[in-house]
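Everything below concerns the one structure shown next.
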Amino acid sequence: MRLLVINPGSTSTKVSVFDDENAVFTKSVFHDAPVLLSFRTVNDQLPFRKNIVTDILKEYEIPLESIDVFVGRGGCAYSQPEGVMEIDRRLYEDTRDDKGGSDHPAKLGVMIAYEFGTSLSKPMFTLNPTNVDEYADVARITGLKGVYRRAQSHVLNQKGIARAHARKLGRRYEDCSFIVCHIDGGITIAAHSRGRMIDGTEGAGGDGPFTPTRLGSIPLMETARFLEHHKPEEIEAMCSRSGGFVSHFGTSDSDKVHAMAESGDEHAALVWEAMIYQICKSIGSMAAVLAGNVDGILLTGGLVRFEDIVNGIKERCSWIAPVTVYPGEIEQEELAGEVLTVMRGEKTAHKYTGRPVFSGFPWD
């Protein structure tokens with residue numbers, strides 16, 4: 001069985017083909033911020049990203065018609081439970097229309113898979129999109145009645161890494177408590193308690209550490225002052241595409257910013273250090289969520305290739321729990337492997353309901 005796995009991210013498009021569990025190839029194409037910011041919205045990137053997928057298939061001489069199953073990373077529809085989900089027209093439309101209230105490039109995985117799958121009448125699936133919602137109710141509340149925190153994070157990679165680490169410990173994910181940090185173009189940090197992500201930073205919503213492309217948490221009054229001279233659309237873009245390194249240096253290329261810091265650029269060095277500092281602050285907050293009962297702090301994502309990031313986190317946070325590094329991510333393998341279990345009848349895929357997991361409290 002041949003699977004095409006499509007994984008658009010904030011700074012890259014990653015494409016894989018699997019023959020059953022065996023990877024035929026995986027290729028990732030980096031996109032610097034000026035390229036992606038030339039598109040007004042994420043939806044406008046669809047033809048650009050779709051062409052990248054078809055070009056990669058041509059490079060490896062794999063006909064689109066030879067694909068049996070299309071698998072796309074997802075997000076931006078209404079919140080969903082964890083697990084494999086069929087991609088149908090309703091999910092495609094709600095993803096396109098950002099019914100979940102965010103505008104993240106992961107959505108394009110579902111949209112491209114749907115367009116390929118429907119054109120060839122082939123099955124289409126997604127797994128653990130960015131808006132899987134397992135929050136504890138106490139984590140939802142804010143100081144404004146009717147305004148709630150949303151579950152938005154790198155669920156696919158975080159859960160994959162957490163399950164893999166639990167197996168390494170000889171335990172079940174459902175019996176462990178972890179703090180998992182996905183550190184890449186986007187950064188999210190979450191508290192995993194007994195198989196559920198009960199709290200976390202909303203990476204693409206102006207929450208948590210700033211990143212190569214995101215502004216992170218900033219004081220509300222400073223945001224209000226910014227909006228006196230800027231349009232709300234600018235803040236929205238900075239939440240996921242033009243904040244962080246892009247705002248400071250005009251690029252989302254972490255290698256360039258790190259090189260600037262290493263060469264003695266005072267601005268770059270301080271911003272780089274501040275990003276690490278803010279990651280550590282978020283880890284500390286998740287340790288409090290888990291009442292200090294943490295079986296491990298797991299670092300994953302593309303930026304853990306930088307030793308100073310890993311060492312900085314270990315220096316500030318290793319007193320909480322052992323820190324383990326999983327460079328890169330296992331999203332492609334997770335997408336292919338879990339969908340294979342559905343295709344083989346070992347598991348059942350969810351149907352998208354068009355309703356969010358959480359829609360308010362009784363007093364709303």
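The structure presented is a predicted model; accordingly, all values stated were derived computationally and were not measured.
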- request: First locate atom NZ of Lys27, then atom OG1 of Thr13, and finally report the distance between them rounded to the nearest 0.5 Å.
  value: 11.5 Å

query: Do Met286 and Asp199 come close enough that some side-chain heavy atom pair is under 4.5 Å?
result: yes

message: Side chains of Asp364 and Tyr148 only: does a donor on one sit below 3.5 Å from an acceptor on the other?
response: yes

message: Tell me whether the count of non-hydrogen atoms from other residues, nucleotides or ligands lying under 6.0 Å of OH in Tyr277 goes above 12.
response: no

task: Working to the nearest 0.5 Å, report the span between CG of Leu64 and CG of Leu4.
output: 7.0 Å

- request: Take Tyr135 and Phe358 through the test ring-ring contact (aromatic ring centres under 6.0 Å, His included) and record every step on the way to the result.
  value: CA-CA 9 Å; Tyr135 270 13; Phe358 170 77; 9.6 Å; no

query: For the residue pair Phe245 and Trp272, does the interplanar ring angle fall in the parallel (under 30°), tilted (30 to 60°) or perpendicular (over 60°) class?
result: parallel

message: Under a plain distance cut-off of 3.5 Å, with no hydrogens placed, do His182 and Ser153 share a side-chain donor-acceptor pair?
response: no

- request: Using the side-chain contact (heavy atoms from CB on, under 4.5 Å) rule, take Arg96 and Asn43 through it: C-alpha gap first, then chi angles, then the decisive distance, then the call.
  value: CA-CA 7 Å; Arg96 178 197 63 201; Asn43 283 348; 3.8 Å; yes

- prompt: So do the side chains of Val132 and Val357 get within less than 4.5 Å of each other, counting heavy atoms only?
  reply: no

query: Are more than 12 heavy atoms from other residues, nucleotides or ligands located less than 6.0 Å from atom CZ of Arg40?
result: no

query: More than 12 foreign heavy atoms under 6.0 Å from NZ of Lys281: is that the case here?
result: no

- prompt: Any donor-acceptor pair under 3.5 Å linking the side chain of His350 with the backbone of Glu82?
  reply: yes

field: Separation between CZ of Phe39 and NE2 of His31, rounded to the nearest 0.5 Å
entry: 9.0 Å

message: Under a 4.0 Å threshold between the charged nitrogen and the carboxylate oxygen, would Glu333 count as salt-bridged to Lys14?
response: no

task: Indicate yes or no for a side-chain donor-acceptor contact from Thr223 to the backbone of Pro219 under 3.5 Å, with no hydrogens or angles considered.
output: yes

- prompt: Would you say the side chain of Ile67 lies within less than 4.5 Å of the side chain of Phe70, judging by non-hydrogen atoms?
  reply: yes

- prompt: So, Ser217 side chain and Gly208 main chain: donor-acceptor pair closer than 3.5 Å or not?
  reply: yes

- request: Decide whether Glu331 and Asn7 meet the rule of one side-chain donor and one side-chain acceptor closer than 3.5 Å.
  value: yes

- prompt: Under 3.5 Å, is there a donor-acceptor pair between the side chain of His165 and the main chain of Ile161?
  reply: no

query: If Ile, Leu, Val, Met, Phe, Trp and Tyr residues are connected whenever their side-chain heavy atoms lie under 4.5 Å apart, and connections chain through other members, are Tyr326 and Ile179 in the same group?
result: no

- request: Take Leu290 and Phe178 through the side-chain contact (heavy atoms from CB on, under 4.5 Å) test and state the conclusion after the steps.
  value: CA-CA 8 Å; Leu290 296 171; Phe178 298 128; over 6 Å; no

task: Would you please say whether a donor-acceptor pair under 3.5 Å links the side chains of Asn157 and Thr300?
output: yes

- prompt: Just checking, any donor-acceptor pair under 3.5 angstrom between side chains of Ser252 and Asp32?
  reply: yes

message: Would Glu115 and Tyr92 count as a side-chain contact (heavy atoms from CB on, under 4.5 Å) here? Give the steps.
response: CA-CA 9 Å; Glu115 293 191 3; Tyr92 171 84; 2.9 Å; yes

query: Has the side chain of Arg241 got a donor or acceptor atom that lies under 3.5 Å from a matching backbone atom of Arg214?
result: no

query: Taking the side chain from Asp265 and the backbone from Ala268, do they hold a donor-acceptor pair closer than 3.5 Å?
result: yes

query: Is it true that Glu222 and Arg225 have a side-chain N and a carboxylate O under 4.0 angstrom from each other?
result: yes

- prompt: Should Ile189 and Val180 count as side-chain neighbours, where that means a heavy-atom distance under 4.5 Å?
  reply: no

- prompt: Tyr352 and Asp94: side-chain donor and acceptor closer than 3.5 Å?
  reply: yes

- prompt: Taking the side chain from Asp88 and the backbone from Leu91, do they hold a donor-acceptor pair closer than 3.5 Å?
  reply: yes

field: Expected output: side-chain Asp20 to main-chain Asn22 donor-acceptor under 3.5 Å
entry: no

message: Could you tell me if Gln332 and Ser16 have a donor-acceptor pair between their side chains, going purely by distance under 3.5 Å?
response: yes

- request: Starting at SG of Cys317, measure out to CD of Glu315 and round the result to the nearest 0.5 Å.
  value: 10.0 Å

Distance-only donor-acceptor check, side chains Lys159 and Tyr173, under 3.5 Å: yes

field: Gap between atom CD1 of Ile218 and atom CE of Met238 - 0.5 Å precision
entry: 8.5 Å

Interatomic distance, Gln152 atom CD to Ser240 atom OG [nearest 0.5 angstrom]: 10.5 Å

- prompt: What residue among Arg140, Arg149, Arg150 forms salt bridge (Lys or Arg N to Asp or Glu O under 4.0 Å) with Glu202?
  reply: Arg150

- prompt: Are Met85 and Met197 grouped together when hydrophobic residues (ILVMFWY) are joined by side-chain heavy atoms under 4.5 angstrom apart?
  reply: no

message: Less than 4.0 angstrom from a charged side-chain N to a carboxylate O is my criterion; do Arg305 and Asp184 meet it?
response: no

task: With the side chain counted from C-beta on, respond yes when Leu108 and Lys50 share a heavy-atom pair under 4.5 Å apart, and no when they do not.
output: no

query: Under 3.5 Å, is there a donor-acceptor pair between the side chain of Ser247 and the main chain of Gly244?
result: no

- request: Verify, without hydrogens or angle tests, whether Ser79 (side chain) and Asn131 (backbone) share a donor-acceptor contact under 3.5 angstrom.
  value: no

- prompt: Salt bridge check: are Glu174 and Arg194 linked by an N-O gap of less than 4.0 Å?
  reply: no

query: Counting heavy atoms not belonging to Glu266, are there more than 12 under 6.0 Å from its CD?
result: no

message: Who clusters with Val342? Use side-chain heavy atoms, under 4.5 angstrom, across I, L, V, M, F, W and Y, and order the result by chain and number.
response: Met1, Leu3, Val5, Phe18, Val69, Val71, Val84, Phe125, Leu127, Leu156, Leu335, Val339, Leu340, Met343

query: Between the side chains of His192 and Gln158, does any donor sit under 3.5 Å from an acceptor?
result: yes

query: Does any donor atom in the side chain of His258 or Asp308 lie under 3.5 Å from an acceptor atom in the other side chain?
result: yes

field: Side chains of Glu59 and Phe25 in contact at under 4.5 Å (non-hydrogen atoms)
entry: no

message: Between Arg2 and Asp68 (salt bridge meaning N to carboxylate O under 4.0 Å), is one present in this structure?
response: no

